[in-house]
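Since the structure comes first, as structure tokens, the remarks are kept for the end.
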Amino acid sequence: MEHFRASNGTVEMELESMRPWRFIIILCVSACVHEAPQEAQIPFASQASPLIVEPTESGILEIELEASQLENSPNRLLKYGFNQMSPGPVLLAPVGTELRATLVNQLEMPTTLHWHGAGAPNTMDGTPRVQDPVLPGETFQYEFTLSNPGTFWYHPHFDTARQVDLGLYGMVIVYEPSEPQPDERLVLVFDSAAENQPREMIDDHRHIDGHGMHWLINGSTKDTFEVSSGAVVRAHLLNASNAGYLHLNSEGMRVIAHDQGYQGTVHDGPLVLGPGDRAEVEWLPGADPILVDHRPFSLNGGVTYMPEETLFSLVPLGDAPAASPSAMPVSTPEYKDYWTTKSADFTYVFHGDSRTNSWMLNGESFPDVTPFRTNVGREVIIEVRNLSSTNHPFHTHGHPFKVVSRNGNPVDPRNLHDTIDVAIFETMRLVVNTYNPGEWMVHCHILPHAYAGMMTYMIVE
Ligand code: C2O
Ligand code: CU
């Protein structure tokens, strides 16, 4: 219990700046006036506002997401997007909103949408286990209630490594209106352009390592964001990279939430975000710019020898003094000793080898796997043991989990995750409350690892 330390995650940023977003925002403002959102508009920081879509007064968020090739690709790595944007539109909604998203497939290949972290029911989970891929020219309507707060994302779950790498992803923000709200929100979606990798690796869309990487923020190389001085700024970070890790820090950075919204605990940076991971960070700009540093981080062993560099900065408009931190209600951790002492209900052991690119869970490679079966309404203890020589961002579909111990030592169990970085030779215990029946994928979110076999599924019945 004394080792409480919030766990890490990974984030990538998206910037709208070199894209048609500004233009689209204006268009939307005039086109959508008759559908004023129900909640008071939460202002987005001025230069970080991609297209934001909110629910109408009826509490329904309806959107058509057209997957297609980008007509004006800003760089050679992002080739596809939703509604001609990569990242796609940000969906912003209070808890309880009904989401109706129609996927329109204008690609030349089949695709699906997975709602990473958002707690969709099994039939809406977008994996080939639960739905037929949506063929070119076809549509599919995803419909479910956004019942948990958090920073989530949507991305294809078919030919995933390639389709995500080519730019098919977007953020979903679900907020709890009864909590203190920020003055401004900032969306930062990070993706890595592995320009230092051999050409074949780039063309193959399987970027392998985290160092020497160049990061795009919101699809762009623009790295300054305007915020208002004196504002409480909440940044939603997503690492949409296939394989790159982020290690971020800045003065006064407060990590308010990991993947699954605020859970009664706040901690200071640094923040590690592996592929697929998200976090919510609070910054309190005064008159001076806030520089956010990145330490090059390798999945082969953490922070590398290379110097820390500024990845992006927040430039305040105005010279008001910094606001005080938002008064988030703090909860008391409740720890059950049997979480660390009892034997685990199921164990996932990670094996693999970067040289042969073979990656396995429990010695099995997807699709030849033995699923873990359990029942609805149980509290399940899962142990993950990384016996391989790289980190792995472990991701479970359908159910979030608490991390209750690392290497046998209890840790603060308050945060909820659906994606967690498991370091080399680390053993971690996770507690999952099964409420969502179905067949759920469980995999490493380094997409080339998942693609090579580090993927299985769990059956909740
Ligand atoms: Cu974001 Cu199964 O993935
Ligand atoms: Cu992995």
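Heavy-atom basis, side chains included; hydrogens, waters and symmetry copies ignored. Just so you know, ligand 1 is whichever comes first in the structure, and atom 1 is the first atom listed for that ligand. Since the structure is predicted, the reported quantities are computational estimates derived from the model, not experimental observations.
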[X] side chain vs [Y] backbone, donor-acceptor pair below 3.5 Å:
X      : Y      : answer
Thr434 : Asn375 : yes
Asn105 : Leu107 : yes
Gln260 : Pro400 : no

- prompt: Does the ring centre of Phe350 sit less than 6.0 Å away from the ring centre of Tyr348?
  reply: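 No: the rings miss the under 6.0 Å criterion.
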Backbone or side-chain N/O/S of His445 under 2.8 Å of atom 1 (Cu) of ligand 1: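 Coordinating: yes.
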message: When you measure from atom 1 (Cu) of ligand 1 to the N, O or S atoms of His395, does any of those distances fall below 2.8 Å?
response: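 Given the 2.8 Å cut-off, His395 does not count as a ligand of atom 1 (Cu) of ligand 1.
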message: If I compare all heavy atoms of Gly126 with all of Gln131, which pair ends up nearest, and what's the gap?
response: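 Heavy-atom minimum between the residues: CA-OE1, 3.2 Å.
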query: For the Cu ion (ligand 2), which N, O or S atom of His392 is at the shortest distance?
result: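 This residue's closest N, O or S atom turns out to be ND1.
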query: Can you tell me the N, O or S atom of His157 that's nearest atom 2 (Cu) of ligand 1?
result: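 Atom name returned: NE2.
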For atom 1 (Cu) of ligand 1, the closest N/O/S atom belonging to His116: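 Result for His116 and atom 1 (Cu) of ligand 1: ND1.
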query: Checking only N/O/S atoms, does His397 have one that is under 2.8 Å from atom 2 (Cu) of ligand 1?
result: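 Yes, within the cut-off.
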message: So for atom CG, which belongs to Asp353, do other residues, nucleotides or ligands contribute more than 12 heavy atoms lying within a distance under 6.0 Å?
response: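 It does: Asp353 CG has more than 12 such atoms within range.
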query: So, is His449 placed with an N/O/S atom under 2.8 Å from the Cu ion (ligand 2), counting both backbone and side chain?
result: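 It does; at least one qualifying atom falls short of 2.8 Å.
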